[in-house]
Amino acid sequence: MAQRESTFVNMVVVLFLISAIAATALAFVYQATKDPIQKSKFEKKKQAIKNVVNDFDNNPIEEMFKIPVEGGDSVECYPAKKDGKIVGYAVKTFSKKGFSGLITVMVGFDPDGHIHKTAVLEHHETPGLGDKMQRNKSNFSKQFDNMDVPDIPDKDNDGIIIEVKKDNGTVDAITAATITSRAFCDAAERAYNAFKKIKK
Amino acid sequence: MNKLKIFTKGFFSENAVFVMLLGLCPTLGTTTSAINGLGMGLATTFVLVMSNIVVSLVKKQIPDKVRIPAFIVIIASFVTIVELTMQAYVPDLYDVLGLFIPLIVVNCLILGRAEAFASKNNIIDSVLDGFGMGLGFSMALTMLGAVREILGSGSVFNIKIYEGDGALVFVLAPGAFIVLGYLIALVNRLQKRKSI
């Protein structure tokens, strides 16, 4: 068969057919992968909550409530209970101060305001630099484990407690990723402010 | 050209990265570690083989003047399929490579092979070409990633080789250019000595 000629009708018909077939194929793949994708995101969230707070026996995702924070946004809060008693809160917080895009972090609090643990949910920081804030890649995020937030002095009196050392805070920044470190602190601070509102 | 030659030319004499310098955006962007390079290379290989198959099947039906948009639609569809599938079934790999997958669409290597090879050859040759070019690309990306990881983070495939952080510049973009330049020089030297 010879090459189809480049007449106007031919071009329109062929491009239309190719796009239509591609769109149909993609629709099927989307349908097929929709549930697994949601499930894996849900699993990730569940795992993150489990990692950042004490042992619990309720379903924090069902008891989720939202807390408004400054700037018209809100953070999601997952209460963890054991035998009906609160053993901690997992706060899904975020920061817009990252190097590229939004950073979402799960921060777990003990009832007295200690940070229990943290887990990064989503970020778009530079691979090899900013992504060191992930727990498995460096010790940076371990500084936040058991951080006694209410007892940290606010050295420069700017109302922000969790800060990197460059900003008169107490957190060691990641080498060459100060912006990411600041954003992580910003997210933790936002979580703590939300936590204070729960306690009130 | 015999079948073996079609397959092996992607590794040495027409290697996409070291000789043709195609697809440099993902090459430089993703190779911060050996495993990232390998993952990106294999994802590209899959898209390359699939798009070569489809392009070689429909090559007679596509009018010459609209071939490029037609190829792009085909390639972009396969990239989206890879992205969705990865996200659904290997979320861990997706966490690492997710940012780079959409870049495969604009990888000149794939469009280049569709245009230069698959649209002129039969399906078996096109599959061989896709595998050869794709695996050659993966090999180059893995080498580049391994060198950058050793120099920049002191490890390779996440296995620690020496203590300390290494030279940060190799993890950043300038390091990618420096390492790529030296690797190209090395490959050229080897090729000149013995024509492969």
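Every chain is numbered from 1, with letters handed out A, B, ... down the list of sequences.
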The interface call for B/Tyr89 against chain A, heavy-atom contacts under 4.5 Å, is side chain
Does one hydrophobic cluster hold both [X] and [Y], with members joined at side-chain heavy-atom distances below 4.5 Å?
X: A/Leu121; Y: A/Val75; value: no
X: A/Val53; Y: A/Phe195; value: no
X: B/Val47; Y: B/Val17; value: yes
X: A/Ile18; Y: B/Ile123; value: yes

Non-hydrogen atoms of chain B under 4.5 Å away: do they reach the side chain of [X], the backbone, both or neither?
X: A/Lys34; answer: neither
X: A/Ala23; answer: neither
X: A/Lys39; answer: neither

Using 0.5 Å steps for rounding, measure from the [atom1] atom of [X] to the [atom2] atom of [Y].
X: A/Glu5; Y: B/Asp64; atom1: CD; atom2: CG; result: 10.5 Å
X: A/Ile37; Y: B/Thr85; atom1: CD1; atom2: OG1; result: 8.0 Å
X: A/Gln38; Y: B/Gln87; atom1: CD; atom2: CD; result: 10.5 Å
X: A/Thr33; Y: B/Met86; atom1: OG1; atom2: CE; result: 13.5 Å
X: B/Ile62; Y: A/Leu17; atom1: CD1; atom2: CG; result: 11.0 Å

Please determine whether the number of non-hydrogen atoms from other residues, nucleotides or ligands lying under 6.0 Å from atom [atom1] of [X] exceeds 12.
X: A/Ile179; atom1: CD1; result: no
X: A/Lys197; atom1: NZ; result: yes
X: A/Lys44; atom1: NZ; result: yes
X: B/Leu186; atom1: CG; result: yes

Run the side chain to side chain contact (heavy atoms under 4.5 Å, CB included) check on A/Leu26 and B/Ile81 step by step: do they pass? CA-CA 7 Å; A/Leu26 285 183; B/Ile81 290 173; 3.7 Å; yes
Taking B/Lys65's backbone N and O only, do any of them form a donor-acceptor pair with A/Ser6's side chain (distance below 3.5 Å, no angle check)?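 Answer holds: yes.
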